[in-house]
Trainee: 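Handing you this structure, nothing more for now.
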2 protein chains.
Amino acid sequence: MRKQPRQRRSRRMVDALIDATAQCIVEHGVDGTTTPRIAECAGVSVGSLYQYFSDKDALFEALGEKLAHDVARALKRLPLPESANLHDLVGGAIRFGFEMLNAREGLFLELIRNWHRLPTARVADVLQDHFLELARLYFIKHHQRYPIADLQVRMFIVANSTLFTMVRQVSQDEGLLRQEEVAEGLTNMIVGYLGGETGPSR
Amino acid sequence: MRKQPRQRRSRRMVDALIDATAQCIVEHGVDGTTTPRIAECAGVSVGSLYQYFSDKDALFEALGEKLAHDVARALKRLPLPESANLHDLVGGAIRFGFEMLNAREGLFLELIRNWHRLPTARVADVLQDHFLELARLYFIKHHQRYPIADLQVRMFIVANSTLFTMVRQVSQDEGLLRQEEVAEGLTNMIVGYLGGETGPSR
DNA sequence: ATTGAATGCGAATACATATTCGCATTATGG
DNA sequence: CCATAATGCGAATATGTATTCGCATTCAAT
């Protein structure tokens, strides 16, 4: 950030700009998100934008930071059933993922689609860390029953498979495949891969 | 295409332009692939470009068409071991996928990264159809051993999971995870999902 | 060889976008 | 209330890119 906003109105402007960035992404896509549009959408002049953000990318970074914060908070609120079996755990995570992709008018969807050219690493890190930790806890607890080697590799595969399959599913406007079917399929695939057993009954 | 190239030199120019498009994508990424650059790279003037392509997108489409053709040919050449078990089949397909992503100096990698804003549907279709057919044949033959429900859903999940996990793996320059580990993990996950017990126990 | 069509050219046009700068307005501390 | 700093403005600038157009060159058929 180029300059620290000291007064109240400038701090509100910074917030408005970040929110406007998100709204522009939702309405016009990442490519259609231009600085004039962001400024207009925030009800602010272009010049003011550059008072606090060194360039357009800084805006995206700020948005990423904010979203990472939001996501972290949402994750903490998720109830973590102590006694849940693997199938329910994974199923819950996937349902949570679909909710995220459909939330915010598709903001996350568009961001993930453009992951390779956006400074979105922070959001990804938050998710990655959370689920890696979750998995670590779970598998330490059930070590006898589920001896899992190379957790890193498995989580990498599982996370990316899930995320992008969901993105593709939500992206295809034609409802050829139902979200529920895909969610169920993903869950089964992952549970089979991580735990061995299939299905909720044991 | 705006006009049919009738003479030999013009046909060669059209080819050169398509090749130049591919090379530009490799060297400068999809975003850095501009019409002046393509023309220069093809050793041709910008004006000539517009003789045969109505706009830049038409060039990408033509490239997609050509690649679809190439991929289809490569797939047909792939030896299809009659007696292979599921693990070898899937493993072979995944190894083939990694080869593709590393081939052509990362052309396919960059194209898939930008899948959502490119007219690449044809290439995807070729792959989709091929593997769906492959799966159908395999599972018809082994019906007794591997009763598989909803092949469509499963192939959707498997294809997207594999593709994007591979893309992410190849994209991360830091070799934190070895390609071989990821390939092996993916193979195990997919084999478990396709070949193991039938899905949801309701 | 001649001629008309096809091809090729690249400067010029039109547009869009990122970023800056000098000036006007507003807040804050004394 | 004043003085100074902070803030806000938006026309102007700089850059880049897609696309066109009038003219030059080459081809192919007679």
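The figures here come from the full heavy-atom set of this structure, side chains too, leaving out hydrogens, waters and symmetry mates. Chain A is the first sequence line, chain B the second, and so forth, proteins listed ahead of strands; every chain is numbered from 1.
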Trainee: Go through the structure and list residues passing side chain to side chain donor-acceptor pair (under 3.5 Å) with B:Lys66, not counting sequence neighbours.
Mentor: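 Checked B:Lys66 against side chain to side chain donor-acceptor pair (under 3.5 Å); matches are B:Asp19.
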Trainee: Can you name the residues that form a side chain to side chain donor-acceptor pair (under 3.5 Å) with A:Ser54, not counting sequence neighbours?
Mentor: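 Partners of A:Ser54 under the side chain to side chain donor-acceptor pair (under 3.5 Å) test: none.
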Trainee: Give a yes/no answer on whether the side chain of A:Arg6 brings an N or O atom under 4.0 Å of OP1 or OP2 in C:dT26.
Mentor: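 Checking A:Arg6 against C:dT26: no side-chain N or O falls below 4.0 Å of OP1 or OP2.
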Trainee: Can you pull out the residues from residues 25-38 of chain B that lie within a 4.0 Å heavy-atom distance of DNA chain D?
Mentor: B:Thr34, B:Thr35, B:Pro36
Trainee: By the 4.0 Å heavy-atom rule, please label A:Phe53 as base, sugar-phosphate, or nothing.
Mentor: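 The residue A:Phe53 makes no contact with any strand.
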Trainee: Grab the CE-P distance between A:Met13 and C:dA27 for me, whole Å please.
Mentor: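 From A:Met13 CE to C:dA27 P: 14 Å.
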Trainee: Could you list the residues that satisfy side chain to side chain donor-acceptor pair (under 3.5 Å) with B:Ser171, not counting sequence neighbours?
Mentor: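 Once residues adjacent in sequence are excluded, the partners of B:Ser171 under the side chain to side chain donor-acceptor pair (under 3.5 Å) criterion are B:Arg113.
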Trainee: Between B:Gln4 and A:Ser54, just flag the one whose closest nucleotide in DNA chain C comes earlier from the 5' side.
Mentor: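 Counting from the 5' end, the first nearest nucleotide belongs to B:Gln4.
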Trainee: Tell me if the CZ atom of B:Arg12 is crowded by more than 12 foreign heavy atoms within 6.0 Å.
Mentor: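 No - once you tally the heavy atoms of other residues, nucleotides and ligands closer than 6.0 Å, there are 12 at most.
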Trainee: Tell me whether the side-chain N/O atoms of A:Ser10 come closer than 4.0 Å to OP1 or OP2 in D:dT7.
Mentor: yes
Trainee: According to side chain to side chain donor-acceptor pair (under 3.5 Å), does anything in residues 67-79 of chain A pair up with another residue at least two apart or in another chain? List the pairs.
Mentor: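 Listed once each, the pairs are A:Asp70-A:Arg104.
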Trainee: With a 4.0 Å cut-off on heavy atoms, is A:Arg11 in touch with a base, just the backbone sugar-phosphate, or nothing at all?
Mentor: nothing
Trainee: Going 5' to 3' along nucleotides 21-30 of chain D, which nucleotides have protein heavy atoms under 4.0 Å from the base (write B), which only from the sugar-phosphate (write S), and which from neither (write -)?
Mentor: -----BSS--
Trainee: Please check if the distance between the ring centroids of B:Phe164 and A:Trp115 is under 6.0 Å.
Mentor: no
Trainee: Starting at the 5' end of DNA chain D and moving along, which residue's nearest nucleotide shows up first, A:Lys3 or B:Lys56?
Mentor: A:Lys3
Trainee: Sequence neighbours excluded, which residues qualify as salt bridge (charged side-chain N to carboxylate O under 4.0 Å, His left out) partners of B:Glu65?
Mentor: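 Only B:Arg122 meet the salt bridge (charged side-chain N to carboxylate O under 4.0 Å, His left out) criterion with B:Glu65.
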Trainee: Roughly, in whole Å, what's the span from CZ in B:Phe60 to P in D:dA18?
Mentor: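 So the CZ-P distance, B:Phe60 to D:dA18, works out to 9 Å.
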Trainee: I'd like a table of donor-acceptor pairs (distance under 3.5 Å, sequence neighbours excluded) in which one partner is a side-chain atom from residues 176-183 of chain B, with atom names and distances.
Mentor:
{"unit_1": "B:Gln179", "atom_1": "OE1", "unit_2": "B:Asn102", "atom_2": "ND2", "d": "3.4"}
{"unit_1": "B:Glu181", "atom_1": "OE1", "unit_2": "B:Arg178", "atom_2": "N", "d": "3.2"}

Trainee: Within this structure, what is the CG-to-C1' distance between B:Leu49 and D:dT17, rounded to whole angstrom?
Mentor: 13 Å
Trainee: With a 4.0 Å cut-off on heavy atoms, is B:Arg12 in touch with a base, just the backbone sugar-phosphate, or nothing at all?
Mentor: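 Counting heavy atoms under 4.0 Å across all strands, no contact is made by B:Arg12.
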Trainee: How long is the line joining OH of B:Tyr52 and C1' of C:dC9, in whole Å?
Mentor: 12 Å
Trainee: Considering only distance and modelled atom types, tabulate donor-acceptor pairs under 3.5 Å from the side chains of residues 35-44 of chain A, sequence neighbours left out.
Mentor:
{"unit_1": "A:Arg37", "atom_1": "NE", "unit_2": "A:Gly32", "atom_2": "O", "d": "3.0"}
{"unit_1": "A:Arg37", "atom_1": "NH2", "unit_2": "A:Gly32", "atom_2": "O", "d": "3.3"}

